[in-house]
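A quick note: this is a predicted structure, and the numbers were derived from the prediction, not measured. In the text below, chain A, chain B and the rest are named by the order of the sequence lines, each starting its count at 1. Side chains included, hydrogens not; waters and symmetry mates left out as well; all remaining heavy atoms used.
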Amino acid sequence: MKRYAFRNIEKKWQKQWREDGTYEPNIGNAKKPFYNLMMFPYPSAEGLHVGNVYAFTGADIYGRFKRMQGYDVFEPIGLDGFGIHSENYALKIGTHPMEQAKISEKRFYKQLEAIGNGFAWNERLETYDPTYYRWTQWIFTQMWKHGLAYRKEQSVNWCPSCKTVLADEQVINEHCERCNSTVKSRELEQWFFRITKYAERLLNNLENIDWSERVKIAQRNWIGKSEGALIKFEIQSKTKKLTSNTYVEVFTTRPDTLFGATYVVLAPEHELVSKLPIKNQEEVKKYIKHTKSKTEQERIEHKDKTGVELVGVKAINPANKELIPIFIADYVLPSYGTGAIMAVPAHDTRDWKFAKKFDLPVKMVICTHYPAPTCPVLEEAYEGDGHLVDSGRFDGMKSKEAMRKITKYVGGKYKTQYRIRDWLISRQRYWGVPIPMIFCKACAADKKGEQKDMPGWYTVPEKDLPVELPHIEKFRPEGTGKSPLASVPEFYETTCPGCNEVARRETDVSDTFLDSAWYYLRYPSASDKQHAWNPKTTRKWLPVNLYTGGAEHSVLHLLYVRFVALALQDMKLLSFPAISGEEPFPKFRAHGLIIKDGAKMSKSRGNVVNPDEYIERFGADTLRMYLMFLAPFEEGGDFHDAGILGIVRFLDRVWKLFQSLHTENQMPEKKKDVLLQRILHKTIKKVSEDIEVLKYNTAISALMVLLGAIEEHRSHLSVANRQLFLKLLAPFAPHITEELWYELGNKTSIHTEPWPKYSPKFIKEDMFELVIQVNGKVRDTITLPRGITETEAKKAALASEAIQKHLNDRKLKKVVFVKDRLINFVV
RNA sequence: GCCGAGGUGGCGGAACUGGCAGACGCGCUGGACUCAAAAUCCAGUGAUGGCAACAUCGUGAGGGUUCGAGUCCCUCCCUCGGCACCA
């Protein structure tokens, strides 16, 4: 008997599928489109990672299942090849990113083919392809034209190792998401996208999309909505008369504690600081300088409070007209709220700590009991709710109720504040999409330009797109705050679209996350040269039916991509069918992480598993099934090679079974079926249901049980049921099933066959095991007909010797009967 | 600190809606085959006691609800993920 020669067989079918276009849907005329999308990989250093294989396989199984259910499944693939990661790799090994891209591309596509996914290869795309990024640039220009892109100088995250700025989302605990260096802050003029404008919609839409809950929560946290009040505190000076409108506005989520505000704190960067008649100028300046010298990291690390009082000025608490001191302190951040707070030490832990250090009064205004003879003496800030005390006419009121009333009383206004900040989109690197903007000094001087508030700036005219990234030798970032492209006059010298004078092209490139913020729109229209996305095709295929990817993109890619989709729809450049809503991915599932020996795979740990080796040794089908068998797809799992033998054995048994069935003498077809019918249909049900909820591990387990039963009753396996078994296995192990399918005499692919349906009548059992308990402990089981009544069941159960022994003639207190399941005698 | 997910044999993990805990697989033990090994096949495999039938214990810890709890409630511990001086 020949063994399963997976190497040749897998290669053979991969070639055949591609030739036959097995997985190419008819983009223009699909009847039941199903867009099965998985996050495309960035082609990095070591080639495909076993984690990629895991992600792709899990998504592919679902796609294959849907295809067999009669959908026109579209499962595209491409490469997210621009960006720091790819560029750093090229720098490291000393190749040019452009050449490296071609090398990686070849390697990745070869590996991706070897895993046996049903990819629609014809529509593949690479983000560094000018025919693709032409449209990325076009999107940038549209953002600009609709007021969603702007340039601004501000303190930004700077990675000293990558020598570029980073978006807030790319800074993890003050470390660069890519290289893990500590991020510094730097004042630079940069391009931003106004994602904050969409904060509320991005938050609200989460309620209506079917996403893994943990990802939704991560996004909610990131957007960070809080409701509060803006309250003005007038400022008085002892020495100098101030204009009557000198005030500081604070943002607070607890306006109910206003009577307890015993001082005010401004961020050291607050613009008002320089305008006030302060007596201790020197000290204040020193503190401000000190703050600026600190990195964000240091500022956050030192949680003990520092600050300086602004001597000579006082603020007036608008609630009780008390004069209270004003401080600057670095625990107040310039970028959140108004950059100023009212400090209520009694009811805020941070203010409490500051007040203790500077010996400032603590005034309690919220008490849990009311009327209370005495409120407890505080030993730490009380941040909960309660009744107001020492708050004038508001005494006794519940804090919730007092919030709005006090805000109104002092003329404040309610405000919703978000934590999210605008998306910093420019990068001072080489390997990315050039930002398609032109700056003209002459126009700037004349206050001319496309946007009133940004004189001198023009978009590159659409006919001139793409602005191609030139092949330059000195592409290494210098850390000057400028892209290497800024030293290439042939690139940046251009003419102004407004006045035709000499002008300068923007030399920064855009964040890689812009490339991936719209790729899903391009796939179905990949061959369209006139549109970024063809309107007709887009309405047919979008939104994506199932999006699969890693949870590590919870607040990066997955937020940007939603934002861009909403913005494009507002610009009327994109529309989804009305019933679909406005979200690009109504259903998203985050797959788990594959770890090794309890730790995340990483180069530094040296525990990265290369899939090639396993495909070579065991075959793609085996690797696929092994990975899927580890744990539920959404949970990930621990990769340890030993377990792969279980799958090797399983597929070997399948192979041998079919080989022997070909040759063995068989009983007539008519007589077969009966014995295996029940388990076959139960398995169809189980596997179908499990695939639907991505519980591939239990689906595979059911197939193993089924195989065991078949082996036991092999002579009862009809040809029809052999086919059925192969179909159930096909999404998991596409190659071996295809081979055996053809061996059974079929002439077309198993992967386009209809998915089996189960018949309830075969599953229905007429007998069941009654569990008999005495005082809740299982003492016996007996087989009885389904639907048996309590009286009959009781009679049968009491007839059991074991039960009689345990009842021991004691009196029955109670009998609990659960139909078709259990009877419990309580004595 | 806040929010979320989780903690089940030697290991990965099963367990409908509160109803036989440990499916399936790995590993391990014994056996068959073999000169031998590998591969394969068969049997066993939560712990303790017992020749055995069987009994007792057992799902992070402690308490509770219930005829019955891995599953529900309370308190606590630990692991992982997100946010974090965000007012």
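A close approach under 4.0 Å does not occur between any side-chain nitrogen or oxygen of A/Asn221 and OP1 or OP2 of B/A84. Between A/Ser226 and the phosphate of B/A87, there is a side-chain N or O to OP1/OP2 separation shorter than 4.0 Å. The side chain of A/His806 places no N or O atom within less than 4.0 Å of a non-bridging phosphate oxygen (OP1 or OP2) of B/C54. Using a 4.0 Å cut-off, some side-chain N or O of A/Arg649 falls inside it from OP1 or OP2 of B/C26.
Looking only at atom types and distance, the side chain of A/Arg779 has no donor-acceptor partner in the side chain of A/Ser800 under 3.5 Å away. Using modelled atom types and a 3.5 Å distance limit, the side chains of A/Tyr4 and A/Thr622 yield no donor-acceptor pair.
Distance check on atom P: B/A5 versus B/G10 gives 28 Å, rounded to whole Å. Atom C1' of B/U59 sits at a distance of 5 Å from the matching atom of B/G70, rounded to the whole Å. With both ends at atom P, the span from B/G60 to B/G22 equals 16 Å, rounded to whole Å. Rounded to a whole angstrom, the distance from the C1' atom of B/U71 to that of B/A21 is 11 Å. On the C1' atoms, B/U65 is 36 Å away from B/G50, given to the nearest whole Å. Atom P of B/C73 sits at a distance of 16 Å from the matching atom of B/U66, rounded to the whole Å. Taking atom P in both B/G25 and B/A14, one finds a spacing of 15 Å when rounded to whole Å. B/A84 and B/C16 have their P atoms separated by 37 Å, given to the nearest Å.
Annotated as anti: B/G10, whose glycosidic dihedral deviates from 0 by more than 90°.
For B/G81, the paired nucleotide is B/C3, the pair qualifying as Watson-Crick or G-U wobble because both relevant distances are below 3.5 Å. Using the Watson-Crick or G-U wobble rule with both distances under 3.5 Å, B/G13 pairs with nothing in any strand shown. Within the shown strands, B/C54 is the pairing partner of B/G49 under the Watson-Crick or G-U definition, both distances less than 3.5 Å. Base pairing analysis places B/C72 opposite B/G64; the two distances defining the Watson-Crick or G-U wobble pair are each below 3.5 Å. Nucleotide B/C28: paired with B/G44 (Watson-Crick or G-U wobble, both distances less than 3.5 Å). Using N1 to N3 plus N6-O4 or O6-N4 for Watson-Crick, or N1-O2 and O6-N3 for G-U wobble, each under 3.5 Å, B/U59 pairs with nothing. Pairing for B/C33 is absent, with no Watson-Crick or G-U wobble pair whose two atom distances lie under 3.5 Å. When both distances must be under 3.5 Å, the Watson-Crick or G-U wobble mate of B/C20 does not exist.
Relative to the side chain of A/Ser701, the nucleotides B/C24, B/G25, B/A87 differ in distance, and B/C24 lies closest. Closest to the side chain of A/Val816, out of B/C20, B/C67, B/U40, is B/C67. Comparing B/C24, B/G19, B/A87 by their nearest atom to the side chain of A/Phe629 picks out B/C24. Residue A/Asp330 places its side chain closer to B/C85 than to any other of B/C20, B/G19, B/C85. Considering only side-chain atoms of A/Pro632, the nucleotide from B/A14, B/C24, B/G82 that sits closest is B/A14. Taking every side-chain heavy atom of A/Asn697 into account, B/A14 is the closest of B/A14, B/G19, B/C67. Among B/G12, B/C83, B/G82, the nucleotide with an atom closest to any side-chain atom of A/Ala218 is B/G82. Nearest to the side-chain atoms of A/Asp348 among the listed nucleotides B/G25, B/A87, B/C67 stands B/A87. Considering only side-chain atoms of A/Tyr336, the nucleotide from B/A87, B/G19, B/C67 that sits closest is B/A87.
If you check every strand for non-hydrogen atoms under 4.0 Å, A/Asn824 touches a base. Backbone-only engagement by A/Leu630 is indicated by non-hydrogen atom pairs under 4.0 Å involving sugar-phosphate atoms exclusively. Using a 4.0 Å heavy-atom criterion, one finds that A/Val778 contacts the sugar-phosphate atoms exclusively. Contact annotation for A/Val705: backbone-only contact, meaning every heavy-atom pair under 4.0 Å involves sugar-phosphate atoms and none involves a base.
RNA chain B is contacted by both A/Arg779 and A/Gly636; A/Gly636 maps to the nucleotide lying nearer its 5′ end (nearest heavy atom per residue). Along RNA chain B, the nucleotide closest to A/Thr306 and the one closest to A/Glu635 are compared, and the more 5′ of them pairs with A/Glu635.
Classification of A/Glu689 and A/Lys695 as a salt-bridged pair fails, no side-chain N sitting under 4.0 Å from a carboxylate O. Checked for salt-bridge contact, A/Lys197 and A/Asp422 miss the test: no charged N lies under 4.0 Å from a carboxylate O. Contact check on A/Glu380 versus A/Lys356 returns no salt bridge, with no Lys/Arg side-chain nitrogen under 4.0 Å from an Asp/Glu carboxylate oxygen. Between A/Lys686 and A/Asp690 there is a salt bridge, with a side-chain nitrogen of the basic residue lying less than 4.0 Å from a carboxylate oxygen of the acidic one.
Here the CD1-CD distance, from A/Ile231 to A/Glu249, works out to 9.0 Å after rounding to the nearest 0.5 Å.
Counting to the nearest Å, the P atom of B/G82 and the CD atom of A/Glu552 are 10 Å from each other. Atom CG of A/Leu333 is separated from atom P of B/C85 by 7 Å (rounded to the nearest Å). Between the CD1 atom of A/Ile803 and the P atom of B/A53 there is a distance of 18 Å, given to the nearest Å. Atom CD1 of A/Ile647 and atom C1' of B/G12 are 12 Å apart (whole Å). As a whole-Å value, the separation of A/Asp652 CG from B/A38 C1' is 14 Å. With rounding to whole Å, A/Leu651 atom CG is found 12 Å from B/C26 atom P. If you measure from atom NZ of A/Lys777 to atom C1' of B/C20, you get 14 Å, rounded to the nearest angstrom. For the pair A/Glu769 CD and B/C16 P, the interatomic distance rounds to 19 Å; values are reported in whole Å.
Checked by atom type and distance alone, the side chain of A/Lys216 pairs as donor or acceptor with a backbone atom of A/Ile209 at under 3.5 Å.
Applying the 3.5 Å distance criterion, the base of B/C3 shares no donor-acceptor pair with the side chain of A/Arg214. For B/C85, the base has a donor-acceptor partner in the side chain of A/Lys305 [N/O atoms by modelled type, under 3.5 angstrom].
Residues A/Ile366 and A/Tyr382 are in side-chain contact: their nearest non-hydrogen atoms beyond the backbone lie under 4.5 Å apart.
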